[in-house]
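Report on one structure; see the data block that follows.
In each ligand, atom 1 is the first atom listed, and ligand 1 is the first ligand listed.
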Amino acid sequence: MKVLVTGGMGYIGSHTCIQMLAAGIEPIIVDNLCNSKLAVLDRIEALTKVRPAFYQGDIRDEAFLNQVFSEHEIQSVIHFAGLKAVGESVAKPLEYYDNNVNGSLVLMRAMRNAGVKSIVFSSSATVYGDPSSVPITEDSPVGETTNPYGRSKFMVESCLSDFYAAEQDWSITLLRYFNPVGAHPSGTLGEDPQGPPNNLMPFIAQVAVGRRDTLSVFGDDYPTPDGTGVRDYIHVMDLADGHVAALHKVAQQSGLHTFNLGTGNGTSVIQMIDAFVQASGQQIPYQICPRRPGDIAECWASTDKAEQQLGWKATRDVKQMAADTWHWQSNNPQGY
Ligand code: NAD
Ligand code: UD1
């Protein structure tokens, strides 16, 4: 099976390509490299002995996409390409809506031109906003998002579901990721944020490796067991396996399929720091700071639907997430 992977050079996309190749699925990668490096392709080749077809280009360029589709018998698309930094989305809403929403619409048009009717979309738990209860199931309310990034994910979900209502022979899969962390166990592929990391795990890793002095812990007065924010961190290799499961189980069946990809477990900021200290043997100096605007106290996924319908369950624990992140960061202190 050949699958077009938009954003396949990025953090989650690159790990997914590895797991696809291991499952005998051929990725065709499209990426404009706005947030990734060509070196990723060499790393994928070194790990798998396969150099996937790679096209450098933008998903908003319909003629470019038509050309890629014309060169391969593509059965499905996994759509990772997009911008993902919440703070930046507040400062640059036009860029975010153009890349994430317009980019997805152009991609859908190119798919329709090519007669490819199966798409797996990278959505986010951010579409649930501040949940009224946990664990969060797939039918929990969505749409109360607090920033342009989150709204762009919700808008694409809405566009895809309206599209499905009109074209019911398509297979549209919305995967709502919780908090992806970790790295490939080889230590050769991982997350490589440009500039100061926005997310907890890459920030901890950069403090541990000496690139940054201190971690700011955003709030210790939440109604959680230790007062710090609780999230459902999921190992990127488990997430990658979740995409392979979606390709096998639902991407060939028409329907609008929605799944949470999380572990079902909550971990606090302090617990994550402790896990990282254990895994790395490094100190992580931190200071308690005010809450970050827009943050919620806690969230974790209900995983029942993915287990039942995809036959997939995350298996890697927080210890493994910390160990693999440290392996990657210590081998690649400055990233790729
Ligand atoms: P990433 O930035 O590492 O990967 C995205 C890739 O898409 C990059 O390689 C980038 O160069 C490429 N890209 C961006 N705009 C493009 C365009 N217009 N045309 C072609 N390529 C383009 O991000 P990631 O962490 O791998 O996330 C992948 C997807 O998952 C994103 O859609 C993101 O919103 C979503 N997601 C990520 C997280 C997370 O915490 N990492 C959580 C939930 C959802
Ligand atoms: C963030 C995004 C969310 C996105 C998700 C992807 C915001 C407001 N939300 O969510 O849209 O889908 O990433 O993984 O950015 N923390 C610190 N210090 C730091 C960084 C984070 O204490 O330097 C805390 C946060 O307050 C939070 C936890 O760590 O309690 C996790 O934060 P983060 O990794 O940014 O993820 P989310 O806030 O869940």
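Under a 4.0 angstrom heavy-atom cut-off, Gly294 registers as lying outside contact with ligand 2. Within the 4.0 Å heavy-atom cutoff, Gly150 does not count among the residues contacting ligand 2. The shortest separation from a heavy atom of Tyr233 to ligand 2 is under 4.0 Å, placing the residue in contact.
In this structure, ligand 1 sits under 4.0 Å from heavy atoms belonging to Gly7, Met9, Gly10, Tyr11, Ile12, Asp31, Asn32, Leu33, Cys34, Asn35, Ser36, Gly57, Asp58, Ile59, Arg60, Phe80, Ala81, Gly82, Lys84, Asn99, Ser122, Ser123, Ser124, Tyr149, Lys153, Tyr177, Pro180.
Looking at Asp31, its side chain does come within 3.5 Å of a backbone N or O of Met9 through a donor-acceptor pair. Judged by distance alone, the side chain of Asp98 and the main-chain N or O of Leu94 form no donor-acceptor pair under 3.5 Å.
Ring geometry for His72 versus Tyr55: interplanar angle over 60°, hence perpendicular rather than tilted (30 to 60°).
Summarising the contacts of atom 13 (O) of ligand 2 with Val127, Thr214, Ile296, Asn199, the nearest heavy atom is found in Asn199. Looking at Arg292, Gln206, Arg231, Met201 and measuring to atom 32 (O) of ligand 2, the nearest heavy atom belongs to Arg292.
Salt bridge status for Asp58 with Arg60: present, with a side-chain N to carboxylate O gap under 4.0 Å. Under the 4.0 Å criterion applied to side-chain N and carboxylate O atoms, Lys313 and Asp238 are not assigned as salt-bridge partners.
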Q: Apply side-chain hydrogen bond (donor to acceptor under 3.5 Å, both in side chains) to Asn199 and Glu191, showing your working.
A: CA-CA 11 Å; Asn199 298 115; Glu191 189 171 10; over 6 Å; no

